[in-house]
Amino acid sequence: MNRDAPPDPRMEILFDAAEIASRIEQLAAEIADASFSDLLVIPILKGSFMFGADLLRALHATGLRPEVDFIFLSSYGKGTQSSGRVEVLREPEAGMKGRDVLIVDDILESGRTLAFAKDLMIARGAHRVATCVLLDKPVDRAVNIGADFRGFDCPDVFVVGYGMDLAHRYRELPYVGRIM
Ligand code: IMP
Ligand code: MG
């Protein structure tokens, strides 16, 4: 068995594991230079579990010692089209009053998810809220928001892998790909 072979013959790899790893090191350096104090990192589940884990290890390597909690949001359902409504499935437990918070997400598309998460942290009393996404799709945003830290520009196609799914499949892939 060729363990490096894509799991699906119609998979096109867009960002491979080595590219992702080296970009994450650069992102971690940018974040470390941004003078956060008493940083709380909040990856958005489920899609950013893998990016969040790798980013956190890279942040640790820069000397940062953030607190970590998670928020669980849902907007997609099972298909490839966002429902346009963001639901909170779980809120962070960590207190955020007066804190610096870094929200981490896999991909920025309509902007609804990131804007929703940012508004929620501000409503919970965060002092400074920054955002970091692995992928940024160049589409018309439903909400006018950009990410403070961005990994890659992503073509306007539905992508899977590295945490991102199609109906709960492909999340385990070490790369980001597109199904042709
Ligand atoms: P937004 O709210 O439209 O910006 O979409 C962001 C969320 O939708 C992300 O957290 C992803 O989980 C999901 N998403 C958007 N585009 C894709 C994609 O191409 N593949 C998988 N998930 C996506
Ligand atoms: Mg997501």
Side-chain angles (χ1 to χ4, degrees), residues 6-8 10-28 30-31 34 41-55 58 70-90 92 101-123 126 128-180:
D8 187 312
R10 293 169 299 126
M11 181 75 70
E12 179 196 4
I13 296 178
L14 297 175
F15 303 103
D16 69 27
E19 278 175 274
I20 293 171
S22 76
R23 187 69 189 111
I24 285 176
E25 267 187 42
Q26 295 167 349
L27 282 175
E30 285 176 38
I31 292 165
V41 177
I42 303 203
I44 300 178
L45 297 174
K46 295 176 270 202
S48 68
F49 78 94
M50 201 175 276
F51 175 46
D54 286 343
L55 182 66
F70 301 90
I71 188 168
F72 198 148
L73 297 179
S74 164
S75 66
Y76 252 68
K78 260 192 145 193
T80 62
Q81 288 295 312
S82 171
S83 70
R85 224 189 46 236
V86 182
E87 257 182 284
V88 184
L89 301 184
R90 180 199 181 268
V101 175
L102 178 68
I103 299 169
V104 175
D105 205 5
D106 48 3
I107 184 163
L108 175 58
E109 193 173 20
S110 74
R112 286 189 195 97
T113 304
L114 210 56
F116 183 94
K118 199 170 172 178
D119 289 348
L120 190 76
M121 305 304 150
I122 291 166
R128 174 178 174 192
V129 182
T131 53
C132 177
V133 298
L134 179 68
L135 303 175
D136 192 349
K137 272 194 199 174
V139 295
D140 288 337
R141 304 258 192 262
V143 183
N144 184 19
I145 187 172
D148 300 297
F149 306 94
R150 308 162 52 248
F152 301 100
D153 290 325
C154 178
D156 186 15
V157 295
F158 193 80
V159 297
V160 295
Y162 201 68
M164 290 171 283
D165 72 309
L166 176 60
H168 308 298
R169 294 197 59 202
Y170 305 112
R171 287 195 202 275
E172 84 288 3
L173 298 178
Y175 49 79
V176 174
R178 122 193 237 197
I179 301 166
M180 306 294 287

What residues, two or more places apart in sequence or in another chain, satisfy ring-ring contact (aromatic ring centres under 6.0 Å, His included) together with Phe72?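 Testing Phe72 for ring-ring contact (aromatic ring centres under 6.0 Å, His included), a comparison that skips the adjacent residues, returns none.
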
Residues forming a ring-ring contact (aromatic ring centres under 6.0 Å, His included) with Phe116, sequence neighbours excluded: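 Phe116 satisfies ring-ring contact (aromatic ring centres under 6.0 Å, His included) with no residue once adjacent residues are dropped.
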
Are [X] and [Y] close enough that some pair of their side-chain heavy atoms sits under 4.5 Å apart?
X	Y	value
Ile103	Lys118	yes
Tyr162	Leu135	no
Leu55	Leu134	no
Val176	Ile13	no
Thr131	Asp105	no
Met11	Leu173	yes
Pro138	Asp136	no
Ile24	Phe51	yes

Atom of [X], atom of [Y] and distance for their closest heavy-atom approach:
X	Y	value
Thr113	Ser75	OG1-OG, 3.8 Å
Arg150	Leu27	O-CD2, 3.6 Å
Ala147	Val133	CB-CG2, 3.6 Å
Pro92	Met121	CG-CE, 4.3 Å
Ala130	Asp148	CA-OD2, 3.2 Å

Does [X] use its side chain to pair, donor to acceptor, with the backbone of [Y] at less than 3.5 Å?
X	Y	answer
Arg141	Glu109	yes
Arg178	Glu12	no
Asp16	Tyr175	no
Ser110	Ala142	no
Arg90	Phe70	yes

Show your working on side-chain contact (heavy atoms from CB on, under 4.5 Å) between Ile145 and Leu108 and close with a plain yes or no. CA-CA 9 Å; Ile145 187 172; Leu108 175 58; 4.2 Å; yes

Under the salt bridge (Lys or Arg N to Asp or Glu O under 4.0 Å) rule, collect the residues that match up with Glu30, sequence neighbours excluded.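 Salt bridge (Lys or Arg N to Asp or Glu O under 4.0 Å) check on Glu30 returns Arg23.
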
Parallel, tilted or perpendicular, judged at 30° and 60°: which one describes the rings of Phe15 and Phe152?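 Rings of Phe15 and Phe152: parallel, as their planes differ by under 30°.
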
Under a 4.0 Å threshold between the charged nitrogen and the carboxylate oxygen, would Lys46 count as salt-bridged to Asp106?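 Lys46 and Asp106: not salt-bridged.
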
Measuring from atom CG of Leu73 to atom CG of Leu89, what distance do you get when rounded to the nearest 0.5 angstrom?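 Between Leu73 CG and Leu89 CG, I get 7.0 Å after rounding to 0.5 Å.
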
Within the supplied structure, the quantity of interest is the number of heavy atoms (other residues, nucleotides, ligands) at a distance under 6.0 Å from Asp156 CG; does it exceed 12?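 Enclosed.
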
